[in-house]
Amino acid sequence: MLDPNYVRENLEAVRAALAARNFPPAVLDHFAELDAERRRVNSEADDVNHERNNASKEIGALMQAGKTAEADAKKAEVAGLKGRQAELEKQRDEADVAMRELLSGLPNLPAADVPVGPDESANVEVRRWGTPREFDFEVKDHVDLGTELGILDLERAAKVAGSRFAILSGQGAKLERALVSFMLDVHTGEHGYTETQPPLIVNRETLFGTGQLPKFEEDLFTLTDDRGFSLIPTAEVPVTNYHRDEIVEAASLPMKFVAFTPCFRSEAGSYGRDTRGLIRQHQFEKVELVKICLPEESEKEHEELTANAEKILQLLELPYRTIVLSTGDMGFSARKTYDIEVWLPSQQTYREISSCSNCGDFQARRMGTRVRRAGGSKPEFVHTLNGSGLAVGRTWIAVLENYQQADGSVTVPEVLKPYMNGIERISKA
RNA sequence: GGAGAGGUAGCCUAAUUGGUAAGGCAGUAGUCUUGAAAACUACCGCGGGAAACCGCUUGCAGGUUCGAGUCCUGUCCUCUCCGCCA
């Protein structure tokens with residue numbers, strides 16, 4: 001959520017920023033009058049409330065002094081205020097709701113150094129690591145490799161659940177587990193993150209906090225239970241909300257969490273896209289990095305978090321590139337996002353395997369997460385960051401495709417061998 | 001699922017028959033001190049405001065009342081016991 005004071009004072013700049021995000025700035029047309037009305041009604045309601053509070057105090061004093069007649073007169077006076085007060089409070093609530101609805105639907109403002117452009121064509125590559133391997137045979141994609149090795153079964157998954165689900169078996173399931181353990185060990189052991197296991201089901205307040213609601217309800221799997229539960233689309237949602245409605249101590253920052261969870265996405269509206277294989281699933285596993293930090297530290301923490309995610313690919317010796325998303329390609333809550341893309345031989349291109357975002361104070365304002373600094377100053381909103389470290393299913397794909405051999409087997413990356421009982425390769429059982 | 005107890009500020013604890021949130025710890029600043037501790041003074045829930053000051057706050061939402069931490073209704077959460085259970 002944007003700061004209403006900032007929007008009031010920088011209306012044209014906000015309008016331009018929204019346009020750069022392909023967001024119709026017309027919703028801001030009524031901001032000024034809505035804002036003025038809200039503040040007018042609010043102060044008027046305050047005044048009336050003040051009058052009534054004072055009168056009540058006087059009545060209390062009169063009652064204790066035994067002057068009941070004067071107290072009764074005063075009571076009658078206050079009774080006349082009640083109707084007026086109810087009316088003003090109703091107006092204030094309506095104005096608050098209207099303003100909140102307007103603001104809660106607005107995306108975050110892009111950082112100054114984000115490239116401006118209409119879509120992914122304006123994204124900018126910032127670095128590239130590793131060299132794609134040369135194959136002297138016809139490469140297969142992960143679906144053919146996995147199916148022929150007997151470690152991936154998409155047809156039976158479709159029978160059991162539906163499309164966009166998968167069954168991993170044998171060394172395939174083990175590889176997934178090895179990747180998870182490896183990533184968690186690196187992030188906890190070398191990067192200083194605290195491992196955490198959050199709820200996989202969250203309530204609506206939590207979904208509002210990170211920005212999934214109110215605009216992206218259709219992306220979620222929502223339970224029919226009347227408590228408003230949804231399955232998490234990413235661990236970012238529960239973990240970032242750990243300190244919702246809290247004021248934390250500055251000394252506790254930065255907080256760095258790593259969470260391994262399944263993620264559930266309805267993928268409504270993505271029919272026909274990435275229909276083959278594991279790229280886009282209703283259920284997938286992800287190791288997620290989340291940071292909560294001081295405002296002036298978030299840019300540094302963002303670079304570091306992205307580097308932490310890249311480290312996994314370096315250790316797995318998988319070629320990748322890192323790009324910064326343009327204004328037109330960024331997510332709702334982000335002010336700046338790096339995507340890390342891994343090389344997939346079957347597609348002869350780089351594909352997203354991690355998305356690392358600095359959300360600034362956007363989520364913190366929605367969640368009410370603030371920090372109290374030393375010296376008794378007023379609480380400030382924290383900054384929040386998140387990034388995949390990494391998407392496990394897509395890493396599984398990258399390992400199969402980049403480490404495939406002419407005979408259809410897959411050699412095990414050096415760093416994963418300890419997690420695979422020391423086996424050298426995955427062969428047909 | 002049944003029965004009971006309880007949610008007060010970062011933590012802990014008060015508040016007469018309803019009278020407008022008291023205190024302690026921690027924390028911050030200062031005095032004193034070579035420095036620290038101790039002691040003393042001030043600040044010490046949230047929002048707005050340059051300030052004076054104003055408004056809000058006892059899990060949440062309503063109701064009664066001139067006035068609700070206190071009375072009533074609903075709801076969320078925590079704990080205890082019983083039942084069931086991975």
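Protein chains get the first letters and strands the later ones, always in sequence-line order, with residue 1 at the start of each.
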> Nearest heavy-atom pair of A/Lys140 and A/Ser346: which atoms, and what distance?
Replying inline: O-CB, 4.1 Å
>> Between B/U41 and B/C77, how many Å separate the two C1' atoms, rounded to a whole number?
In response: 41 Å
>> Work out how far the P atom of B/U16 is from that of B/U28, and round it to whole angstrom.
In response: 35 Å
> What is the distance from NZ of A/Lys75 to P of B/U64, rounded to the nearest Å?
Replying inline: 16 Å
> A/Glu58 pairs by salt bridge (Lys or Arg N to Asp or Glu O under 4.0 Å) with which of A/Arg52, A/Lys67, A/Lys74?
Replying inline: A/Lys74
> Which nucleotide in the set B/G45, B/G47, B/U20 lies at the smallest distance from any side-chain heavy atom of A/Arg372?
Replying inline: B/G45
>> Could you tell me how far B/A68 sits from B/G1 if I compare only their C1' atoms? Round to whole Å.
In response: 35 Å
> Using atom P of each nucleotide, how far apart are B/U20 and B/U58 to the nearest Å?
Replying inline: 16 Å
>> I want to know whether A/Phe216 and A/Phe332 have ring centres closer than 6.0 Å.
In response: yes
Taking only N/O atoms, report every protein-nucleotides 52-55 of chain B pair under 3.5 Å with atom names and distance.
{"from": "B/G55", "atom 1": "O4'", "to": "A/Asp46", "atom 2": "OD2", "distance (Å)": "3.4"}
{"from": "B/G55", "atom 1": "O3'", "to": "A/Asn49", "atom 2": "ND2", "distance (Å)": "3.0"}
{"from": "B/G55", "atom 1": "O2'", "to": "A/Asp46", "atom 2": "OD1", "distance (Å)": "2.9"}

> RNA chain B: A/Ala76 or A/Glu249, which has the more 5' nearest nucleotide?
Replying inline: A/Glu249
> Using atom C1' of each nucleotide, how far apart are B/U57 and B/G45 to the nearest Å?
Replying inline: 7 Å
> How close or far is atom P of B/C76 from atom CG of A/Asn203, stated in whole angstroms?
Replying inline: 13 Å
> Say you draw a straight line from CG of A/Leu109 to CZ of A/Phe362; how long is it, rounded to the nearest 0.5 Å?
Replying inline: 8.5 Å
>> Say we look at B/G69 and B/A15: how far apart would their C1' atoms be, to the nearest angstrom?
In response: 8 Å
>> Let me spell it out: for each of A/Arg52 and A/Ala61, pick the nucleotide of RNA chain B with the closest heavy atom. Which residue's pick is nearer the 5' end?
In response: A/Ala61
>> By the 4.0 Å heavy-atom rule, please label A/Arg370 as base, sugar-phosphate, or nothing.
In response: sugar-phosphate
> Counting only N and O atoms by type, is there a donor-acceptor contact under 3.5 Å from the side chain of A/Asn421 to the main-chain atoms of A/Ile423?
Replying inline: no
> A/Phe221 and A/His282: aromatic ring centres closer than 6.0 Å?
Replying inline: yes
> How close or far is atom C1' of B/C66 from atom CD of A/Glu70, stated in whole angstroms?
Replying inline: 15 Å
> With rounding to whole Å, what would you report as the distance between B/C60 and B/U8 at their C1' atoms?
Replying inline: 14 Å
>> What is the distance, to the nearest angstrom, from the CD1 atom on A/Ile247 to the C1' atom on B/C11?
In response: 15 Å
>> Going by purine N1 to pyrimidine N3 plus the second Watson-Crick contact, or the G-U wobble pair, all under 3.5 Å, which nucleotide sits opposite B/C53?
In response: B/G48
> Roughly how many Å is it from CZ in A/Arg227 to C1' in B/U75, rounded to a whole number?
Replying inline: 13 Å
>> Counting only Watson-Crick pairs (N1-N3 plus N6-O4 or O6-N4) and G-U wobbles (N1-O2, O6-N3), all under 3.5 Å, who is the partner of B/C81?
In response: B/G2
> By ring pair (Phe, Tyr, Trp, His ring centres under 6.0 Å), which residues pair with A/Phe208, not counting sequence neighbours?
Replying inline: none
> Say you pick atom P in B/G10 and the same atom in B/A22; how far apart are they, in whole Å?
Replying inline: 16 Å
>> If I take atom CD in residue A/Glu205 and atom C1' in nucleotide B/G59, what distance separates them, rounded to the nearest angstrom?
In response: 13 Å
>> Assess the residue pair A/Tyr242 and A/Thr196 against the criterion (side chain to side chain donor-acceptor pair (under 3.5 Å)); give the C-alpha distance rounded to whole Å, side-chain angles, the decisive distance to 0.1 Å, and a yes or no.
In response: CA-CA 11 Å; A/Tyr242 279 177; A/Thr196 183; 2.7 Å; yes
> Can you check salt bridge (charged side-chain N to carboxylate O under 4.0 Å, His left out) on A/Arg244 and A/Glu205, steps first, answer last?
Replying inline: CA-CA 9 Å; A/Arg244 174 151 51 81; A/Glu205 289 76 14; 5.4 Å; no
> Whole-Å distance between B/C76 P and A/Asp245 CG?
Replying inline: 18 Å
> Considering every strand shown, what is the Watson-Crick or G-U wobble mate of B/U34 when both distances are under 3.5 Å?
Replying inline: none
> How close or far is atom P of B/G47 from atom CZ of A/Arg365, stated in whole angstroms?
Replying inline: 12 Å
>> Checking base pairs now: Watson-Crick or wobble, both atom distances under 3.5 Å. What partners B/U28?
In response: B/A42
> Can you tell me the Watson-Crick or wobble partner of B/U75, both distances under 3.5 angstrom?
Replying inline: B/G59
